Amino acid sequence: IAIIDTGVDWSHPDLGPNMWQNPDEVAGNGIDDDGNGWIDDRYGWDCATNDNDPRPGVYLEGGIDVGFHGSHCAGIAAAATDNAVGVAGAGWDCRLMALKVVGTGSPFSVAAVTMAFNYAIAEQADVISMSFGGTFSDFGFMQALVDDASAAGIVCVAAAGNNNTSAMMYPAAL
C-alpha cells in the first residue's frame, strides 16, 4: 500500500514491522543499487523535497501538528497486529510504502504527487492510498495519474472528505 501523504514513521512499533522495503536497494551507500532513479530508497521516497527520507516532520496547521497524518493513515491501513502495542490495522500482512508529498509547512504540489504516482507504479504497489483532497476541480491533473496506475493494475483509493457535503471531492471523484 503506497501511502501518499505527509510521510510515514517507519520507526513506530506498529508501523515498522509492516514497512515495505525495496529489496534491491542497499540503504545508506549513496548508490542507486536497483537502477530505478532513486538513491537509497529503502522505504519509499520524499517527493516533496526529492530525498530518500519519507518520514514526517512537524507540520503545523492552525496550531496543530498534522505531520502525523500519513503515519496515522498508514496505521489504519496496516498497523502490525497481535503485538500488544497500539492498534491493529485493517489490512493484515500488508506492506506500507512511504511516499511523502507534503514538505514541512508547505502544501503538496503537482510535481510531488506526480513523482509519488510514478514511484508507486515503478515499484509495483498494489494500492495507492490518498487521504487528501478538496471540493475544487483543479485536481483534474490527477486523472492521467489515476489512469496510469489503474492500467498498471494498482487500485487507487482516495478520501471522500469530512465535510458532510454532497459536493464532489477530488481526487476521489476521479
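Start at 1 with the first residue, then count along the sequence. As the structure is a computational prediction, the values presented were derived from the model and not from experiment.
By the rule that hydrophobic residues join a cluster once side-chain heavy atoms approach within less than 4.5 Å of another member, Ile4 and Val8 end up as members of separate clusters. No continuous path of hydrophobic side-chain contacts links Tyr43 to Trp38 [ILVMFWY only; heavy atoms under 4.5 Å].
Donor-acceptor pairing under 3.5 Å is recorded for the side chains of Asn18 and Arg95.
With a 6.0 Å radius and a threshold of 12 heavy atoms from other residues, nucleotides or ligands, Asn29 has its CG atom above the threshold.
Distance alone, capped at 3.5 Å, is enough to place a donor-acceptor pair between the Lys100 side chain and the Arg55 backbone. Without hydrogens or angle criteria, Asp32 side chain to Gly37 main chain gives a donor-acceptor distance under 3.5 Å. Between the side chain of Glu25 and the backbone N or O of Asp40 there is at least one donor-acceptor pair closer than 3.5 Å.
Taking NE2 of His72 as the reference point, atom CG of Asp9 lies at 14.5 Å (rounded to 0.5 Å). From Asn50, atom CG reaches atom CD1 of Ile39 across 9.5 Å, with rounding to the nearest 0.5 Å. With rounding to the nearest 0.5 Å, the separation of CG in Leu96 from CD in Gln21 is 11.5 Å. Atom CG of Leu99 is separated from atom OG of Ser129 by 10.5 Å, given to the nearest 0.5 angstrom. Expressed to the nearest 0.5 Å, how far CG of Leu174 lies from CZ of Phe141 amounts to 9.0 Å. Going from atom CE of Met19 over to atom CD1 of Ile3 covers 8.5 Å, rounded to the nearest 0.5 Å.
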N/O donor to acceptor pairs below 3.5 angstrom from side-chain atoms of residues 117-127, sequence neighbours left out:
residue, atom, partner, partner atom, Å
Asn118, ND2, Thr114, O, 3.3
Tyr119, OH, Asp41, OD2, 2.6
Glu123, OE2, Asn36, ND2, 2.7

Could you list the donor-acceptor pairs under 3.5 angstrom formed by side chains in residues 76-91, with sequence neighbours left out?
residue, atom, partner, partner atom, Å
Asn83, OD1, Val85, N, 3.1
Asn83, ND2, Asp14, OD1, 3.0

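Taking the side chain as every heavy atom from C-beta outward, Phe132 and Pro171 approach each other to under 4.5 Å. Between Leu15 and Trp10 the shortest side-chain heavy-atom distance does not fall below 4.5 Å. Contact of the Asp33 side chain with the Asp24 side chain is not registered, since no non-hydrogen atoms from C-beta on lie closer than 4.5 Å.
In this structure His69 satisfies the side chain to side chain donor-acceptor pair (under 3.5 Å) test together with Asp5, sequence neighbours excluded.
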